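Note sheet for the following structure.
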Amino acid sequence: MLDIKVLRENPDAVRAGAVKKCMPDRAEAVDRALALDAELRAMTPRLDAMRSEQKAAGKQLGKLSAEQRPAFLEQQKALKVELQAMEEQEKQLRAELDTQLSLVPNIPDDDVPAGKTDADNVEVRKVGTVRTFDFQPRPHYEIGEAQGWLDFQRAAEMAGSRNYFLFGDLALLHDAILRFAVELLVQRGFVPVDPPLLVRDAAMFGTGFFPGGEEQTYRSEKDGLNLIGTAEVPVTSLHMGEILDAKDLPKKYVARSACFRREAGTYGKDTRGLYRVHQFQKVEQVVVDVADKARSLEHHHDIVKNSEDLLQACELPYRVVAVCGGDLGVPQAMKYDIETWMPSRNAYSETHSASRFYDYQARRLGLRYRPEGGKPQHCHTLNNTVAASPRILIPLLENHQNADGTVNVPAALRPYLGGRALLGTPVF
RNA sequence: GGAGAGGUGGCAGAGUGGCCGAUUGCACCGCCUUGCUAAGGCGGCGUGCCGGUUUCCCGGUACCGGGGGUUCGAAUCCCCCCCUCUCCGCCA
C-alpha cells in the first residue's frame with residue numbers, strides 16, 4: 001500500500017494514478033482514506049491526553065487516604081467509560097482506514113503508457129526473426145497429440161477443463177526448460193528457493209493479490225490457506241515483518257514452483273491447448289533491495305534481460321512491451337511483458353511479466369531494512385518470470401517443428417535432454 | 001488427533017497487577033583510560049503514531065506472538081487464535 005503521507009501530500013497524483021489504471025472506484029478510496037485519516041488525527045490528541053490522565057491518576061491512587069479513595073475511583077470509572085467509547089471509535093476508524101488504504105492502487109510510473117487493455121500496450125523492442133515455414137506449420141496441440149505427448153481429453157474427464165497430461169519427451173522438455181531457467185539464474189547469483197505452495201492470507205494480502213484476487217485463487221477454507229498463483233507470493237513474503245540489514249541487500253531469489261489459477265471469467269477464451277491452464281510450473285525471479293528508485297530501475301532492466309537471454313538461448317522470437325495503465329494490476333508501478341511468437345496464434349503472446357513495485361508490497365508486508373546509521377525504511381521489490389511451462393512449450397514446439405511432426409531442440413536445452421537434438425518420431 | 005512446556009527489545013535472559021518500555025549479560029555506537037594484537041571505565045543504543053521544533057532533537061501516546069475480556073490500572077489474571085519445543089497416537 002501507499003504511505004498515508006503520500007495521500008495527504010499529493011492526493012491528486014494518487015487519484016490520477018487510479019484513473020490511469022482504469023480503476024475509478026479505487027480512486028474513491030483515496031478520498032475515503034483521507035477523510036478517515038483526518039477524523040482519526042482530530043481525535044488523537046484528545047485520546048492521548050485522556051490516556052495520559054488515566055496513567056497519572058493511577059499513580060496517585062496509592063497515596064490517597066481511605067476516605068479519599070471512593071470518590072477518586074468514581075471519577076476514574078467515569079473516565080474509563082469515556083475512554084473506552086473513544087477507543088472503540090478509534091479502533092473502528094483505524095480498521096476502516098486500513099481497508100480503504102489497502103484498496104488504493106500503487107501510482108503508475110511516468111513511463112507507463114496510457115491505455116485501457118493489453119491492445120494498448122506499447123512495443124519497446126522486437127528481437128529475433130519470425131520463421132517462414134515451407135510447409136503448413138501445426139499448432140502445438142496437434143503435434144503433441146500426434147506424438148502421444150498430450151492428453152486433454154482424459155485430463156478434462158478427471159480434473160475438468162484447462163487441465164492436461166504431458167507424456168514422454170514433452171514431459172522431459174517441460175522439465176528441461178525449467179531446469180535451464182533455474183540454472184541460468186543461479187549462475188547470475190540468484191539463490192534457488194523451493195517455497196510453500198499453500199500460504200496464509202497475510203502473504204496474499206501483502207503481495208497485493210488480496211483484496212481483489214480472491215476469485216482467481218484456489219483456497220482451502222478448512223485450513224484458511226491459499227494455493228499460490230505464483231512463487232512471487234511466498235518469496236516476496238519471505239522476510240515479512242523483518243528489518244533487514246542494508247548490507248544483506250539486495251536479496252535475489254529464483255524459485256521454481258507449481259502455480260494454480262482458477263481462471264474464473266475466462267470461459268471460452270484460449271480454450272485449446274496449453275495456453276491457459278489451471279496448473280503450471282513456473283520459475284520466478286524476485287528481487288528485494290533498498291528504497292532507491294534508480295536501483296529499482298536497474299533491477300527491472302536486469303530481470304527483463306535475464307528472461308530475454310533465456311528466450312534467445314531457446315532461439316525464440318519475442319517482443320518486449322510496456323504494459324499500459326489499464327492493463328496494470330493494483331500493486332504495480334510499472335510492468336514489462338515479454339511476448340513470445342506463437343505461430344498457431346499468429347501473434348506474440350505473453351510468456352513473461354516483469355513488475356516493479358517500489359515499496360508498495362513491502363509496506364503491506366512490513367518488509368523493511370535499516371540503512372547505514374538510519375531509521376528503518378520499506379524495501380523495494382520486483383519480480384519477473386524466467387520460464388512458465390507448459391505455456392513456453394507452445395513456442396518451443398511450434399517454432400521448432402519440422403514438417404514430419406518432429407521437433408528440434410535448441411542447443412541450450414540439449415544438456416537437459418541427454419544431449420538429444422530432436423524429439424519425437426515422424427508422424428505426419 | 002491427545003497431553004505438556006513456552007513465545008519479552010539484534011541475540012541471550014529477568015520480570016507474575018501500579019515503582020516496567022521493561023533488570024542484567026552479549027553484540028553494536030561514542031568518549032575516556034591504557035597500550036599492543038586485548039582489557040577496563042563512563043555514556044548511548046527498539047518501533048509506530050500525534051504534536052512541537054524542524055531536519056540535532058523535545059513532549060505525549062501505543063506496542064512484551066495476534067485478538068478479545070477483567071480492572072481505576074495488565075508484559076503480569078481470564079478466553080480464543082497463531083507459532084515453537086517435548087512426549088503419545090496415527091499416517092506416508
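Per chain, numbering begins at 1; letters A, B, ... match sequence-line order. From a predicted model like this one, the values you see are computed outputs, not experimental measurements.
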Send over the distance from [X] [atom1] to [N] [atom2], rounded to a whole Å.
X        : N      : atom1 : atom2 : result
A:Leu83  : B:rG73 : CG    : P     : 9 Å
A:Glu88  : B:rG68 : CD    : C1'   : 11 Å
A:Met86  : B:rU61 : CE    : C1'   : 14 Å
A:Lys77  : B:rU70 : NZ    : P     : 13 Å
A:Lys55  : B:rA74 : NZ    : P     : 10 Å
A:Tyr369 : B:rU47 : OH    : P     : 14 Å
A:Arg368 : B:rG46 : CZ    : P     : 14 Å
A:Arg46  : B:rG60 : CZ    : C1'   : 14 Å

Can you find a side chain N or O atom of A:Lys375 that sits less than 4.0 Å from OP1 or OP2 on B:rG48?
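For B:rG48, OP1 or OP2 has a side-chain N or O of A:Lys375 closer than 4.0 Å.
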Taking only side-chain N and O atoms of A:Arg370, does any of them lie within less than 4.0 angstrom of OP1 or OP2 on B:rU47?
yes
When rounded to the nearest Å, what value does the distance between [atom1] atoms of [N] and [M] take?
N      : M      : atom1 : value
B:rA12 : B:rG17 : P     : 26 Å
B:rG66 : B:rC83 : P     : 15 Å
B:rC64 : B:rU16 : C1'   : 13 Å
B:rG21 : B:rG15 : C1'   : 13 Å
B:rG59 : B:rG44 : P     : 14 Å
B:rG9  : B:rG18 : C1'   : 22 Å
B:rG35 : B:rC56 : P     : 38 Å
B:rC31 : B:rU84 : C1'   : 42 Å

Tell me whether the guanidinium CZ or amine NZ of A:Arg364 lies under 6.0 angstrom from the six-membered ring centre of A:Phe205 and within 45° of its axis.
yes
Ring pair (Phe, Tyr, Trp, His ring centres under 6.0 Å) partners of residues 93-118 of chain A, not counting sequence neighbours, each pair once
none
Testing the basics here: between [X] and [Y], what is the closest heavy-atom pair and its distance to 0.1 Å?
X        : Y        : result
A:Tyr141 : A:Gly273 : CD2-CA, 3.7 Å
A:Ala27  : A:Arg15  : O-CG, 3.9 Å
A:Val112 : A:Ala333 : CG2-O, 3.3 Å

Take nucleotides 49-56 of chain B nucleotide by nucleotide from the 5' end and write B, S or -, depending on whether a protein heavy atom sits under 4.0 Å from the base, only from the sugar-phosphate, or from neither.
SSS-----
Under a 3.5 Å cutoff on both atom distances, Watson-Crick or G-U, what's the dot-bracket for RNA chain B ([ ] crossing, | other strand)?
((((((((.[[[..)..(.....]]].(((((.......))))).(((((((....))))))).[[[[[..)....]]]]])))))))....
Check: A:Glu183/A:Tyr416 side-chain N/O donor and acceptor closer than 3.5 Å:
yes
Between the side chains of A:His278 and A:Tyr218, does any donor sit under 3.5 Å from an acceptor?
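Judged by distance alone, the side chains do pair up.
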Between A:Asp201 and A:Asn226, is the side chain to side chain donor-acceptor pair (under 3.5 Å) condition met? List the steps.
CA-CA 7 Å; A:Asp201 290 343; A:Asn226 309 284; 2.8 Å; yes
What's the closest nucleotide to the side chain of A:Ser52 if the choices are B:rU61, B:rC72, B:rU47?
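For the A:Ser52 side chain, the nearest candidate turns out to be B:rU61.
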Does A:Gln84 or A:Arg200 map to a spot on RNA chain B nearer the 5' end, using the closest nucleotide for each?
A:Gln84
Comparing nearest nucleotides in RNA chain B, the 5'-proximal residue of the pair A:Lys91, A:Gln54 is A:Lys91
Salt-bridge present (A:Asp151, A:Arg154; N to O < 4.0 Å):
yes
Side-chain ion pair, A:Arg162 and A:Glu263, N-O less than 4.0 Å
no
Of A:Glu96, A:Glu88, A:Gln89, which meets side chain to side chain donor-acceptor pair (under 3.5 Å) against A:Gln92?
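Filter result, single survivor: A:Glu88.
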